[in-house]
2 protein chains.
Amino acid sequence: MAKLAISEKIAHCAPVDCGDCPIRHRAVCARCESDELELLEQIKYYRNFEAGQTVIWSGDQMDFVASVVSGIATLTQTMEDGRTQMVGLLLPSDFVGRPGRECAAYDVVATTDMVMCCFRRKPFEQMMVRTPHIAQRLLEMTLDELDAAREWMLVLGRKTAREKIASLIAIIARRDAALSMQGMRGPLVFDLPLTREAMADYLGLTLETVSRQVSALKKDGVISLEGKRRVTIPDMGRLLEEAGDDSDGGLLV
Amino acid sequence: MAKLAISEKIAHCAPVDCGDCPIRHRAVCARCESDELELLEQIKYYRNFEAGQTVIWSGDQMDFVASVVSGIATLTQTMEDGRTQMVGLLLPSDFVGRPGRECAAYDVVATTDMVMCCFRRKPFEQMMVRTPHIAQRLLEMTLDELDAAREWMLVLGRKTAREKIASLIAIIARRDAALSMQGMRGPLVFDLPLTREAMADYLGLTLETVSRQVSALKKDGVISLEGKRRVTIPDMGRLLEEAGDDSDGGLLV
DNA sequence: TAAACTCCTTGACTCAGATCAACCCTTGGA
DNA sequence: TCCAAGGGTTGATCTGAGTCAAGGAGTTTA
């Protein structure tokens, strides 16, 4: 039954013209000219995933790379004894996989329903050699991710539980504001795309601590909640202070 | 006096022929053909730094990029209240700076005497557009660093103090073995290139905890020490177990 | 030759966050 | 209509690492 639902979704997913693609200007193909885009169009295919589905297991053979078109996925690492750490959050336009690498290095799990634009690895690698625009954009995106990872190292290594929660909410809020173009004026409203447990895995905390600190931030008026997931931020500056960040907001990501 | 010492060193540092460069096959220029190398040779210059010297302050204008030729530097981030987190360790052949970025994002500090091979940013950026071999290699190196940063996120987020120390020692040991070609057979011997405080900054710990855990690993026979810095590892497998890693050793970095 | 550093170690005490446990609410089968 | 499961909250208790404090060992300065 579940399987039927999946195939149905795949059928649904008629190939989109790259020109109409929602991530056209941010993904790995962002710099491609129309002729380059046509080549990509020939080798691309779409795949759908349901919330909760594992896209790839760490260590598995991985013979494609892909862009997230819509939905959210997590990148996690697991130790033998079961401790897990999220090492990345994949949002629309983010790139999955590494050219030149056979096997996946992390588990990739869809946290919402998701659409991915995939390319078989070999043809993609060949294209990369010929079309520098793709490699250029991929370099730029990888450098951005490296900065994000390093920023996160500060969060994991030196921030308190409360600061960690505030940092995560700030990041999601900022990303959401950028996407929905609502700007930074006035109160921000959005849904947390992660369960408490996933937040804990991202922050190097337990889910109980996450729950307690979210409650504390709510009690102190830094955020307000509608249900468990819908967050309102009355004052972004205040939130950033709580996150231990420079209250001037920092750079766009 | 200190200044005199520095200028003396700069004078010392006669430009080396790229063909004889110790990092020729690992640095950002690794894939360059001899004609490309000649172009690089025209725009490169060397700079020397003494142990303890700050190479760049976070936020400063940065109009060069560079490769570490010899010595070690750290990349650190600092919060307003003074908490600091190291986000990278720069070893010979590592690349510093980001094409397309005006200002440094992190503090870079030399922990040992150091030689860097520098390129003014603008000419380097222009060269990158024309010579894909440079961009290709930089992409590869950046992807490796991203993997390293993510590995470190697991260390920071989920490992105990003892595991963190073991992980750091294992990483330094492995890098050192690779460099000195002594292979993984038999006991490894090397010097810790970091003070206890720098180790603490890397691991998200206090220097007291670092000191205690180093002593504990010594007492338990996982490592042995000669002085404060010289480490011998009788059994790498044992160390990796203590680090919480798969004892099969993992991939080469 | 001592004084002043820097780097490191060790002990005693504290506390933030983990652990263990109980319980609530919502959703969706059967 | 109930029951099971997933997601979330809250309380009591424990503990690993932080904090504060004293002191050692080796080097450089004067």
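Hydrogens, waters and symmetry mates are skipped; everything else that's a heavy atom, side chains included, is used. Within every chain, numbering begins at 1; the chains are lettered A, B, ... in the order of the sequence lines, protein sequences first and strands thereafter.
- A:R158 has its CZ atom 13 Å from the P atom of D:dA17, to the nearest Å.
- Side-chain atoms of B:E163 and B:R158, non-hydrogen and from C-beta on, never get closer than 4.5 Å to each other.
- Within the nucleic acid shown, B:G227 has no heavy atom closer than 4.0 Å to any nucleic acid atom.
- Taking only side-chain nitrogens and oxygens, A:T195 never comes nearer than 4.0 Å to OP1 or OP2 of D:dG6.
- For A:K228, the side-chain atoms get nearest to D:dG8 when compared with the rest of D:dG8, C:dG17, C:dT9.
- For A:T206, taking side-chain heavy atoms from C-beta onward, the closest of the listed nucleotides D:dA17, C:dT10, C:dT19 is C:dT19.
- Counting to the nearest Å, the P atom of D:dG7 and the CG atom of A:L225 are 18 Å from each other.
- Atom CG of B:L205 and atom P of C:dT9 are 14 Å apart (whole Å).
- In this structure, of C:dT9, D:dT9, C:dG17, it is D:dT9 that holds the atom nearest to the side chain of A:S211.
- Each of B:S215 and A:R212 lies near DNA chain C, and the nucleotide nearest B:S215 is the one positioned closer to the 5' end.
- Along DNA chain C, the nucleotide nearest A:E208 and the nucleotide nearest A:K159 are compared for position; the residue whose nucleotide lies closer to the 5' end is A:K159.
- Candidate nucleotides D:dG8, C:dT9, C:dA18 were compared by shortest atom distance to the side chain of A:T209, and C:dA18 ranks first.
- A:W152 contributes a side-chain N or O that, together with a main-chain N or O of A:Y202, makes up a donor-acceptor pair within less than 3.5 Å.
- Taking only side-chain atoms of B:Q213, from C-beta outward, the nucleotide of D:dA17, C:dT9, D:dT10 with the closest atom is D:dA17.
- The CD1-P distance, from A:I165 to C:dA16, rounds to 16 Å in whole Å.
- Residue contacts for B:G52: at a heavy-atom cut-off of 4.0 Å it reaches no nucleic acid atom on any strand shown.
- In this entry the distance linking CG of A:D201 with C1' of C:dG17 reads 16 Å, nearest Å.
- Atom CD in B:E226 sits roughly 16 Å away from atom C1' in D:dG26 (whole-Å rounding).
- Per the geometry, CG belonging to B:L207 stands 15 Å off P belonging to D:dA21, to the nearest Å.
- Proximity of B:T54 to B:V108: side-chain heavy atoms (C-beta onward) are nowhere separated by under 4.5 Å.
- Between the side chain of A:R229 and the base of D:dG7 there is no donor-acceptor pair of N/O atoms closer than 3.5 Å.
- Of the candidate nucleotides D:dT9, C:dC8, D:dA17, C:dC8 has the atom nearest to the side chain of B:R196.
- Taking atom CG on B:L217 and atom C1' on C:dC8, their separation rounds to 16 Å, with Å as the unit.
- Residues A:L168 and A:L192 form no side-chain contact, since every pair of their non-hydrogen atoms from C-beta on lies 4.5 Å or further apart.
- Under the 4.5 Å side-chain criterion, counting only non-hydrogen atoms from C-beta, B:L225 is in contact with B:V231.
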